[in-house]
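Values in this document were obtained by computation on a predicted structure and should not be read as measured data. Atom set for the values below is all heavy atoms of this structure, side chains included, hydrogens, waters and symmetry mates excluded.
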Amino acid sequence: MEEGAFLHPPTDEPGTRWFVVAAVLALVGILLRQPLLLILAVVLALLAALARLWWRHGLSAVTYRRRFGTARAFWGEEITLDLITENAKPLPLPWLEVVDSFPSALEVVGTALEPSSVPRTKVFRAFFSVGPYERVRRRYRLRCAARGYYHFGPATLTTGDLFGFSARERELPGVDSLVVYPRLVPVTAFGLPARQPLGDHPAAQPLVEDPLRFAGVRPYAPGDSPRRVHWRASARTGALQTKQFEKSATPTAALFLDTNTFEYFWEGFDPALLELAITVTASLAAHCLDEGRQVGLFANAPIGGSARFQFIRLAPSRHPAQLPRILEALARLVPGTGFRIEEALVREGAALPWGATVVVVTPNVTAGLQRALARLARGGHHPVLVCCGKEPALDPALRRRLTTCHIGGEETWRALETLDLAVAG
């Protein structure tokens, strides 16, 4: 971050007028034969030369950078932030002011930030001196109290001479980012059962044993195929033994997150309901992966900071990296597109495996969404509707064909905050 543009460059270098004043004093001192005036002129010229030296070279070879303890943090976690300033030259900096832009949603523990004219940002300000070839590192703690994709910067460095004759500032355009994952809570916090929170459904499809994945043997039972008898094990034990193979089918849960908190996108969105829906989705994803399910994520919102405008679409998987992928997508989610979740259900539902559990987390149950859920049920899937906010009025015929969970709205969000405070205490 050492490169940057100087701000408000003056038309001429500072100290020029003081050189003129020093020359006049020296001339008067010579004419009047006053040594004190000559001494004063020399001192003034020396101060002007030093002011010009700091103005020219004060910010040369000065670097400023931010270093996070981690680039990805969990909700509620405290991480370290090191602000490192280095002066790689023999000229000391009698004073240096650093003005940086921090996201307002994150708290710098023990440090008060100033208001900013830029939305969703605050101003961090530090003032210190830096010696020749000195590195100054100041450590702060960030409390990640809100999920999101945050940017730090740009920053401005200002320095000058010791006597206040001049000052020069430079803007450093470098920006650093930090991802804060959404909060994860037990599914019981939403009133869902710890076991089978998505309803007591039969297996997505019969779990077929894969003959290429040998798992062991068991005692022979009537009805076993003679082809599956393990003759060597039977000879060794003196009793018939049957081969066992691993199951090849894995239950699949496809999570569909609806980020429209109102029926029409131009009405804006309810932040509490949106964060509650995101928290529910993240917690269900973690729970389903812990149960050994394949989990996918689909949302009618794009990922912030990506080069292409593309809605969130993560195919079902049980890979160990699937949960970090889901949390990253939810952290960087940008709402407010107006794209209907039922359109995503129609588009993506056809590619899901037969019998997959389709979970829709929404704060806004529309008639179109109910029709899409009924179509999924007829197609052999198991629809689960998780409602945030007001309890919806569902069609009685549809209610019999799906599992419905109503987890409340702002009162549930406040209860989660109370739970967080209790855990922290």
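Screening Thr252, Thr403, Val295, Val384 against Thr357 for a side chain to side chain contact (heavy atoms under 4.5 Å, CB included) leaves a single residue, Val384.
Looking at heavy atoms from C-beta onward, Leu394 lies in side-chain contact with Leu385 at the 4.5 angstrom threshold. By the 4.5 Å heavy-atom criterion applied to side chains, Leu106 and Phe152 are counted as neighbours. For the pair Leu96/Val136, no side-chain contact is recorded, criterion being any heavy-atom separation below 4.5 Å from C-beta on. Ile341 is not listed as a side-chain neighbour of Asn260, based on a closest heavy-atom distance of 4.5 Å or more. At a threshold of 4.5 Å between non-hydrogen side-chain atoms, the residues Leu257 and Ile312 do not count as touching. The closest side-chain heavy-atom distance from Arg66 to Leu81 is below 4.5 Å. No side-chain heavy atom of Phe339 sits under 4.5 Å from any side-chain heavy atom of Thr259. Taking 4.5 Å as the limit, every side-chain heavy atom of Val361 sits out of range of all side-chain heavy atoms of Leu255.
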Original post:
Between Gln241 and Tyr220, is a side-chain contact (heavy atoms from CB on, under 4.5 Å) present by the stated rule, with each step listed?
Top reply: CA-CA 5 Å; Gln241 302 291 316; Tyr220 177 85; over 6 Å; no
**OP:** Please lay out, stage by stage, how Leu327 and Leu184 fare under the test side-chain contact (heavy atoms from CB on, under 4.5 Å).
**Re:** CA-CA 10 Å; Leu327 296 180; Leu184 294 176; 3.9 Å; yes
**OP:** In sequence, state the C-alpha distance, the side-chain angles, and the governing distance for Leu113 and Val123, and then conclude on side-chain contact (heavy atoms from CB on, under 4.5 Å).
**Re:** CA-CA 6 Å; Leu113 303 182; Val123 175; over 6 Å; no
**OP:** Evaluate side-chain hydrogen bond (donor to acceptor under 3.5 Å, both in side chains) for Thr121 paired with Ser116, printing each intermediate quantity in order.
**Re:** CA-CA 6 Å; Thr121 64; Ser116 172; 3.2 Å; yes
**OP:** Please lay out, stage by stage, how Val229 and Ser234 fare under the test side-chain contact (heavy atoms from CB on, under 4.5 Å).
**Re:** CA-CA 8 Å; Val229 174; Ser234 300; 3.9 Å; yes
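Judged by distance alone, with hydrogens and angles left aside, the side-chain atoms of Thr159 form a donor-acceptor pair with the main-chain N or O of Trp95 at under 3.5 Å. Remark: side-chain polar atoms of His406 are paired, donor with acceptor, to backbone N or O of Gly389 under 3.5 angstrom. Between the side chain of Asn87 and the backbone N or O of Val62 there is no donor-acceptor pair closer than 3.5 Å. A distance-only check finds no donor-acceptor pair linking the side chain of Lys122 to the backbone of Ala105 [under 3.5 Å]. Between the Arg325 side chain and the Leu314 main chain, no donor and acceptor come within less than 3.5 Å of each other. Checked by atom type and distance alone, the side chain of Gln370 pairs as donor or acceptor with a backbone atom of Asp395 at under 3.5 Å. Side-chain atoms of Ser104 come within 3.5 Å of backbone N or O of Arg120 as a donor-acceptor pair. Remark: the backbone N or O of Val109 is not paired with any side-chain donor or acceptor of Arg141 at under 3.5 angstrom. A distance-only check finds no donor-acceptor pair linking the side chain of Asn300 to the backbone of Phe311 [under 3.5 Å]. The main-chain N or O of Ile303 is never found under 3.5 Å from a side-chain atom of Arg332 such that the two would form a donor-acceptor pair.
Closest non-hydrogen pair, Val365 versus Cys387, comes out as CG2-SG, 3.9 Å. Scanning both residues, Arg183 and Ala282, for their nearest heavy atoms gives O-CB, 4.2 Å. When all heavy atoms are compared, the tightest approach of Leu274 to Pro335 is CD2-CG, 3.6 Å. Of all heavy-atom pairs between Leu376 and Gly349, the closest is CD2-CA, 4.3 Å. Residues Pro94 and Ser129 approach most closely at O-CB, 3.2 Å, considering heavy atoms. Taking each heavy atom of Phe127 and Glu97 in turn, the nearest pair found is CD1-CB, 3.8 Å.
Judged as a side-chain contact (heavy atoms from CB on, under 4.5 Å), and not counting sequence neighbours, the contacts of Glu77 are Ala73, Phe74, Ile79. Under the salt bridge (charged side-chain N to carboxylate O under 4.0 Å, His left out) criterion, Arg138 pairs with no residue, sequence neighbours left out. Contacts of Arg347 classified as side chain to side chain donor-acceptor pair (under 3.5 Å), with partners at least two apart in sequence or in another chain: none.
Between Phe124 and Phe102, the ring-plane angle classifies as parallel under the 30° and 60° cut-offs.
Separation of atoms CD (Glu291) and CZ (Arg318) is listed at 11.5 Å; rounding is to 0.5 Å. To the nearest 0.5 Å, the span separating OG1 on Thr261 from CG on Leu276 amounts to 11.5 Å. Once rounded to the nearest 0.5 Å, the distance linking CZ of Arg378 with CZ of Arg401 reads 6.0 Å. Atom CD of residue Glu78 and atom CZ of residue Arg143 lie 4.5 Å apart, to the nearest 0.5 angstrom. From Thr156, atom OG1 reaches atom CD of Glu169 across 6.0 Å, with rounding to the nearest 0.5 Å. Annotation: the span from Phe68 atom CZ to Leu178 atom CG amounts to 5.5 Å, rounded to 0.5 Å.
Annotation: cation-pi geometry not satisfied between Arg147 and Trp75 (NZ/CZ under 6.0 angstrom from ring centroid, within 45° of ring axis).
Looking at Thr362 and Asp258, their side chains do bring a donor and an acceptor atom within 3.5 Å of each other.
Heavy-atom neighbours of Lys89 NZ from other residues, nucleotides or ligands within 6.0 Å: above the threshold of 12.
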